Amino acid sequence: MSNGQTLAARGDSNSTNGSTGGRELVAADGGMTSKPSTPTRKPQPPKSENAITIAVSSRVLFNMEKEQRIFEEQGMEEYVTYQVEHETEPFSPGPAFSFVKALEAVNAQLRELYPDSEELFDVVLITNNHAYVGLRLINTINHHQLLIERFCMTGGKSPIGYLKAYHTNLYLSADSGKVREALEEGIAAATMFTTDKINEVSDSQLRVAFDGDAVLFSDESERIYKAHGLDKFFEHEKEHENRPLDHGPLKGFLEALGKLQKKFYDKGQRMDCPIRTYLVTARSAASSGARALKTLRSWGLEIDEALFLAGAPKGPMLEKIRPHIFFDDQMFHVEGAAELGTVACHVPYGIAQKVANKGAVKPTLN
């Protein structure tokens, strides 16, 4: 799969739920209005050093597949011209849209409980798009009534260098090359894909599902399995059951979620917490599950639900969970989950990625 491609072809229509602002702005004569709807009041974003910062690219927040094709086939000048000519037409939601809406729903509840606290989610739109595209993005954000105030538009240059300046806790992009750059910088990151089908998800509870090895944990055990097979893997895990695994690339994001969960627990809302986390792993419970759970405990982290599938497909379980986002290091599991409607992200980290890339990488805008 080349950079920026979709998991499955899709037309311009988008079935993602959560677009409370409507698909398009239609005037009485059937034409497009020139003034998108704008929220009457927006809360001020928290300071970056206090917030949990989620950086999203424009092509995962919105459906820009048509525009990406124009860029690839006709070049930058035609792309910019098209965007300017259509800047009053809002983009439809992309795969990260429902996730971002859920972050905003959690923020609303946190503000009620802690009016003066800045420990909130802060969504930053980070894109290497040209600044001329900014007006269409702003119009779209106002149309969908998203609470996004921070933009970073780098005009074709990689935006990765800005992620640390924003104190980024998680970066989501359609470009796997940029995701790899971010991971190399020690920033939690994943590649997100546009898919044919996206399940309806909760609009009141944020649900985040993680794979274990090479996502929350290091790829230590995965390396044993790849090199020596399943029996040696089980033997290794039993022998090292009481030695915690090293951390993986998304451990810090789970920590950030846990920090906000505790704020709800402190107000007596453990059972009604609007954030719920899941471990969905191919490990088997009896043979290798103990080390995973003991590792989380040693880190002082809680996981709300743990599913040990012993090699069974993850897609059916994820279809029941209905997470807003799922992270896995293996494309096999990402594709299987996406086929059943889960927004699944690829974390290109660890031994499972040691495959030679074939073909040239296409340039992308994010």
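Basis for what follows: all heavy atoms, side chains included, without hydrogens, waters or symmetry-related copies. Quantities reported herein were computed from a predicted structural model and do not represent experimental measurements.
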I need the [X] [atom1] to [Y] [atom2] distance, nearest 0.5 Å.
X      : Y      : atom1 : atom2 : answer
Leu296 : Leu279 : CG    : CG    : 6.5 Å
Ser173 : Ile160 : OG    : CD1   : 7.0 Å
Phe234 : Glu239 : CZ    : CD    : 15.5 Å

Can you check whether His144 and Phe97 have ring centres sitting under 6.0 Å from each other?
-> yes
Would a distance-only check, ignoring hydrogens and angles, find a side-chain to backbone donor-acceptor pair under 3.5 Å from [X] to [Y]?
X      : Y      : value
Thr81  : Glu77  : yes
Asn107 : Phe121 : yes
Thr140 : Phe91  : yes
His324 : Ser202 : yes
Arg207 : Ile275 : no
Arg322 : Glu200 : yes

Salt bridge (charged side-chain N to carboxylate O under 4.0 Å, His left out) partners of residues 124-133, not counting sequence neighbours, each pair once = none
Going by heavy atoms in the side chains, are [X] and [Y] under 4.5 Å from each other?
X      : Y      : answer
Ile303 : Tyr278 : no
Tyr171 : Thr53  : no
Val208 : Phe253 : yes
Leu257 : Phe210 : yes
Phe264 : Gln109 : yes
Phe326 : Cys345 : no
Glu104 : Leu146 : yes
Thr168 : Ile54  : no

Side chains of [X] and [Y] only: does a donor on one sit below 3.5 Å from an acceptor on the other?
X      : Y      : result
Tyr225 : Asp219 : no
Glu87  : Gln83  : no
Glu237 : Ser287 : no
Asn129 : Ser58  : yes

Provide the closest heavy-atom pair for Asn169 versus Ala256 in the form atom of the first, atom of the second, distance.
-> ND2-CB, 4.4 Å
Output side-chain donor-acceptor pairs under 3.5 Å for residues 314-321, partner residues at least two apart or in another chain, one line each.
from	atom 1	to	atom 2	distance (Å)
Lys314	NZ	Asp211	OD1	3.0
Lys314	NZ	Val280	O	3.4
Lys314	NZ	Asp328	OD2	2.6

Are [X] and [Y] within salt-bridge range, i.e. N to O under 4.0 Å?
X      : Y      : answer
Arg59  : Glu65  : yes
Glu185 : Lys164 : yes
Arg291 : Glu241 : no
Arg150 : Asp122 : yes
Arg283 : Glu222 : no
Lys259 : Glu255 : no

Taken in chain and number order and not counting sequence neighbours, the residues that satisfy ring pair (Phe, Tyr, Trp, His ring centres under 6.0 Å) with Phe151 are none
Taking only residues two or more places apart in sequence or in another chain, which ones pass ring pair (Phe, Tyr, Trp, His ring centres under 6.0 Å) with His228?
-> none
If you draw a 6.0 Å radius around OH in Tyr162, do more than 12 non-hydrogen atoms from other residues or ligands fall strictly inside?
-> no
For atom CZ of Phe332, is the number of surrounding heavy atoms from other residues, nucleotides or ligands below 6.0 Å larger than 12?
-> no
Taking the six-membered ring of Tyr114, is the NZ or CZ of Lys263 close enough (under 6.0 Å from the centre) and on axis enough (within 45°)?
-> yes
Of all residues at least two apart in sequence or in a different chain, which pass the side-chain contact (heavy atoms from CB on, under 4.5 Å) check with Glu235?
-> Lys232
Which residue, Arg276, Arg297, Arg270, forms the salt bridge (charged side-chain N to carboxylate O under 4.0 Å, His left out) with Glu302?
-> Arg270
Would you be so kind as to tabulate the donor-acceptor pairs closer than 3.5 Å made by side chains of residues 242-249, with sequence neighbours excluded?
from	atom 1	to	atom 2	distance (Å)
Asn242	OD1	Lys294	NZ	2.7
Arg243	NH2	Glu220	OE2	3.1

